[in-house]
*Asks:* 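Please see the structure below; I have some questions.
Quick caveat, the model's predicted, so the values are computed rather than measured.
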Amino acid sequence: MNIGYARVSTTGQSLDIQIEKLRQYGCEKLFQEKKSGGSRAGRAELDAALEFVREGDILIVTRLDRLARSLHDLVQATQELARKQVGLVVLEQELNTTTAAGKLLFHMLGAVAEFERSLINERIAEGVAKAKAAGVKFGRKNKLTAAELDALRQEFQASTNKAELAKKYGLHRSSLYRLVQENNGGNE
């Protein structure tokens, strides 16, 4: 069965051209997405189409960017199609995974995308290492100053109500104990 999937990115766009091309190709069932944004809710129809397809079916889209908003989404969708043994046809890019050449091209594109992603990850790691070497601190800023930590440690020793002490400093009780333990060298 030929199943079509059409999506527009903004509410002002129309699905008409995509739907016409999908019908001309012979799609027997159409899924249409008009929601914008990258959330899961914005891809409910794609999820429905992926749920609907069965082994031997072909999912047809007009362009690859209509199938997914990101490389991550594209990989997930194509993995699900492969798992279910469903073909993918992209009309404008003339990509057809039901043929050997189409599968090869698609896997080559996936390999290039994976290579690009690994290069990006390497650059990020190098940048983080360089920043750390330069003294840049990552993560949340400390909630308490050094003086507040000293006062907290002194009050902790005298306090019998740790919950009230935590509330006073705007901490969770477990954070209170962790901070006191860290600042006492683990003696508490």
*Asks:* Between Ala6 and Gln18, which heavy-atom pair has the shortest distance, and what is it?
*Replies:* CA-OE1, 3.3 Å
*Asks:* Would you tabulate the side-chain donor-acceptor contacts of residues 124-136 under 3.5 Å, counting partners in other chains and residues two or more places apart, or write 'none'?
*Replies:*
none

*Asks:* When rounded to the nearest 0.5 angstrom, what is the spacing between CD in Glu164 and CD in Glu155?
*Replies:* 12.0 Å
*Asks:* Could you list the donor-acceptor pairs under 3.5 angstrom formed between side-chain atoms of residues 87-97 and any protein atom two or more places apart in sequence or on another chain?
*Replies:*
from: Glu92; atom 1: OE2; to: Lys21; atom 2: NZ; distance (Å): 2.9
from: Gln93; atom 1: OE1; to: Leu64; atom 2: N; distance (Å): 3.1
from: Asn96; atom 1: OD1; to: Thr98; atom 2: N; distance (Å): 2.8
from: Asn96; atom 1: OD1; to: Thr98; atom 2: OG1; distance (Å): 2.4
from: Asn96; atom 1: ND2; to: Thr98; atom 2: OG1; distance (Å): 3.2
from: Thr97; atom 1: OG1; to: Leu88; atom 2: N; distance (Å): 2.7
from: Thr97; atom 1: OG1; to: Leu88; atom 2: O; distance (Å): 3.3

*Asks:* Counting only heavy atoms not in Phe138, do more than 12 sit closer than 6.0 Å to its CZ atom?
*Replies:* yes
*Asks:* On a heavy-atom basis, which atom in Lys143 and which in Gly170 lie closest, and how many Å separate them?
*Replies:*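 Heavy atoms of Lys143 and Gly170 come nearest at NZ-O, 2.6 Å.
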*Asks:* A quick test of your reading: do over 12 heavy atoms of other residues, nucleotides or ligands sit less than 6.0 Å from CD1 of Ile17?
*Replies:* no
*Asks:* Show me, pair by pair, the donor-acceptor contacts under 3.5 angstrom made by side chains of residues 23-30, not counting sequence neighbours?
*Replies:*
from: Gln24; atom 1: NE2; to: Glu20; atom 2: OE2; distance (Å): 3.4
from: Glu28; atom 1: OE2; to: Asn2; atom 2: N; distance (Å): 3.4

*Asks:* Can you check whether Leu152 reaches Leu176 side chain to side chain, under 4.5 Å on heavy atoms?
*Replies:*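 Leu152 vs Leu176: side chains touch.
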*Asks:* In Å and rounded to the nearest 0.5 Å, what is the CG to CD distance from Leu59 to Glu80?
*Replies:*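 Output value for this atom pair is 11.0 Å.
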*Asks:* Would you give the length of the straight line joining atom NZ of Lys84 to atom CG of Leu50, rounded to the nearest 0.5 angstrom?
*Replies:*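 If I round to the nearest 0.5 Å, the distance is 7.0 Å.
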*Asks:* How close do Val61 and Tyr5 get, counting heavy atoms only, and between which atoms?
*Replies:* CG1-O, 3.6 Å
*Asks:* Return the CG to CZ distance between Leu22 and Phe31, rounded to the nearest 0.5 Å.
*Replies:*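 Answer for the CG-CZ pair, Leu22 versus Phe31, is 12.0 Å.
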*Asks:* Can you tell me how far CD of Glu33 sits from CG of Asp47, rounded to the nearest 0.5 angstrom?
*Replies:* 8.0 Å
*Asks:* Mark yes or no for whether Arg7, through its side chain, and Arg66, through its backbone, hold a donor-acceptor pair below 3.5 Å.
*Replies:*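 Judged by distance alone, yes, a pair lies under 3.5 Å.
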*Asks:* Return the CG to CG distance between Asp150 and Leu144, rounded to the nearest 0.5 Å.
*Replies:*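 CG of Leu144 is found 10.5 Å from CG of Asp150.
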*Asks:* Can you name the nearest heavy-atom pair linking Val86 to Glu55, along with the distance?
*Replies:* CG2-N, 4.3 Å
*Asks:* So does Lys167 have more than 12 non-hydrogen atoms from other groups sitting under 6.0 Å from NZ?
*Replies:* no
*Asks:* Quick check: closest heavy atoms across Tyr177 and Lys162, and the distance to 0.1 Å?
*Replies:* OH-CG, 3.1 Å
*Asks:* Quick one: closest heavy-atom pair of Leu67 and Leu46, and the distance?
*Replies:* O-CD2, 3.3 Å
